[in-house]
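Below is one structure; the comments refer to it alone.
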Protein chains: 2
Amino acid sequence: MRFSKDIADLCKEHGLRLTGPRKVIMQVLAESTDHPDAVELHRRVSEISPGVAIATVYRTLSLLEEKGVLEKHTFGDGRARFETADQDHHDHLINVETGDVIEFRSDEIERLQDEIARQHGFDIVSHRLEIYVRPSKKVRKGTGKAP
Amino acid sequence: MRFSKDIADLCKEHGLRLTGPRKVIMQVLAESTDHPDAVELHRRVSEISPGVAIATVYRTLSLLEEKGVLEKHTFGDGRARFETADQDHHDHLINVETGDVIEFRSDEIERLQDEIARQHGFDIVSHRLEIYVRPSKKVRKGTGKAP
DNA sequence: TTAGCTGCAAATAGTTTGCCTGTAG
DNA sequence: CTACAGGCAAACTATTTGCAGCTAA
């Protein structure tokens with residue numbers, strides 16, 4: 001997960017104090033390649049800095065969401081997951097067998113959504129498209145997914 | 001919300017006993033035009049039959065979901081909402097100002113999703129598309145949405 | 001009769017909050 | 001110095017479960 005700028009700068013820009021817990025939490029987020037939920041994030045943070053309370057993780061996450069730095073997602077399983085909001089918009093492909101989340105983007109789908117909203121007399125505020133998938137049964141060379 | 005068949009038949013078909021609480025819960029579901037969550041459903045059920053426990057509502061809902069009669073949705077707000085699974089597939093347009101949920105379907109979007117999954121070497125298990133919208137600012141006759 | 005239901009209350013899981021101490025700026 | 005943060009534990013919300021009595025088939 002990549003932040004648009006340096007952690008210190010991000011805090012400064014949004015009027016947040018650069019504290020120890022915050023540094024660690026944002027550091028762990030920055031180094032995550034997946035979409036961890038708050039509990040998992042806290043677990044990772046605790047490995048580096050055992051004293052950090054999970055309440056602090058939640059407070060930091062909602063603060064960052066409020067500031068528009070992070071986006072919250074809920075992939076159907078009750079828990080909230082986060083990712084940086086500064087990058088290009090994308091949707092998600094969720095592998096139901098492994099839980100892996102793959103990002104993708106389709107301008108054509110975006111355009112169709114816009115059209116549908118307009119047809120109903122609405123403007124789009126945001127949207128969420130999640131495709132739950134499993135590896136294709138058909139053997140095809142190049143998937144790199146040998147069982 | 002319309003069930004594919006009579007409540008009694010549905011129960012029989014899935015080997016479920018047609019009990020008082022179940023009758024009321026399914027009745028209320030059948031008469032709902034919105035997508036109530038378990039707590040709201042329990043509230044409505046209680047108006048008709050005050051003794052029904054919310055645990056029974058949850059148990060009935062997950063039982064019906066398990067049997068494929070209902071589909072569970074989570075529109076970002078922690079709570080699970082349900083709708084009948086027998087009808088044609090559709091996606092949701094959520095009016096963020098009123099909370100109203102409007103159903104729609106776009107074969108073209110469906111087709112594109114399929115294409116994307118295939119490109120990544122996956123088969124679609126299911127998907128979820130939610131477009132969060134607000135009434136268009138542009139005045140257009142015929143929307144029937146006078147503020 | 002009896003496996004399947006139910007109500008009740010207690011248990012979970014995820015998340016939020018109050019309070020009082022700690023510290024970045 | 002002091003307003004913002006953090007730790008801790010209690011509070012909350014949504015949902016699940018154990019148990020003992022009830023009932024549809």
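Note that the structure is predicted; figures quoted are calculated from it, not measured.
A sub-4.0 Å separation between OP1 or OP2 of D:dG6 and a side-chain N or O of A:T19 is present.
Across all strands shown, B:I54 has no heavy atoms under 4.0 Å from either base or sugar-phosphate atoms.
Judged purely by distance below 3.5 Å, without hydrogens or angles, the side chains of B:E71 and B:H89 never pair a donor atom with an acceptor atom.
Separating the NE2 atom of A:H42 from the P atom of D:dG6 is a distance of 12 Å, rounded to the nearest angstrom. A straight line from CG of B:L61 to P of D:dT16 spans 9 Å, rounded to a whole angstrom. Taking atom CD1 of B:I25 as the reference point, atom C1' of C:dG7 lies 12 Å away to the nearest angstrom. Atom NZ in B:K12 sits about 12 Å away from atom C1' in D:dA24, given to the nearest Å. Put simply, CG on A:D37 is 11 Å from C1' on C:dA13, counting in whole angstrom units. Computed from coordinates, the A:L18 CG to D:dA5 C1' distance equals 12 Å when rounded to whole Å. Between the CD atom of B:E65 and the P atom of D:dT16 there is a distance of 9 Å, rounded to whole Å. Put simply, NZ on A:K72 is 14 Å from P on C:dG14, counting in whole angstrom units.
Taking for each of A:G51 and B:Y58 the nucleotide of DNA chain D with the nearest heavy atom, the 5'-most of the two is the partner of A:G51. Along DNA chain D, the nucleotide nearest B:A55 and the nucleotide nearest A:P21 are compared for position; the residue whose nucleotide lies closer to the 5' end is A:P21.
For B:R59 and C:dG4, a side-chain-to-base donor-acceptor distance below 3.5 Å is absent, hydrogens and geometry of angles not being considered. Judged by atom type and distance alone, A:R22 does not reach the base of D:dA5 through any side-chain donor-acceptor pair under 3.5 Å. No N or O donor and acceptor, one from the side chain of A:R17 and one from the base of D:dG6, sit under 3.5 Å apart.
You'll find the side chain of B:I116 reaches within 4.5 Å of the side chain of A:S106, heavy atoms only. B:V101 places a side-chain heavy atom less than 4.5 Å from the side chain of B:R81.
Distances from the side chain of A:A80 to the nucleotides C:dT15, D:dT15, C:dC5 place C:dT15 closest. Considering only the side chain of A:L16, D:dA5 comes nearest among D:dA14, D:dA5, C:dG7.
Using bins of under 30°, 30° to 60° and over 60° for the plane-to-plane angle, the ring pair B:F122/B:H120 lands in the parallel bin.
For B:E40 and B:R44, the salt-bridge test passes: some basic side-chain N is under 4.0 Å from an acidic carboxylate O.
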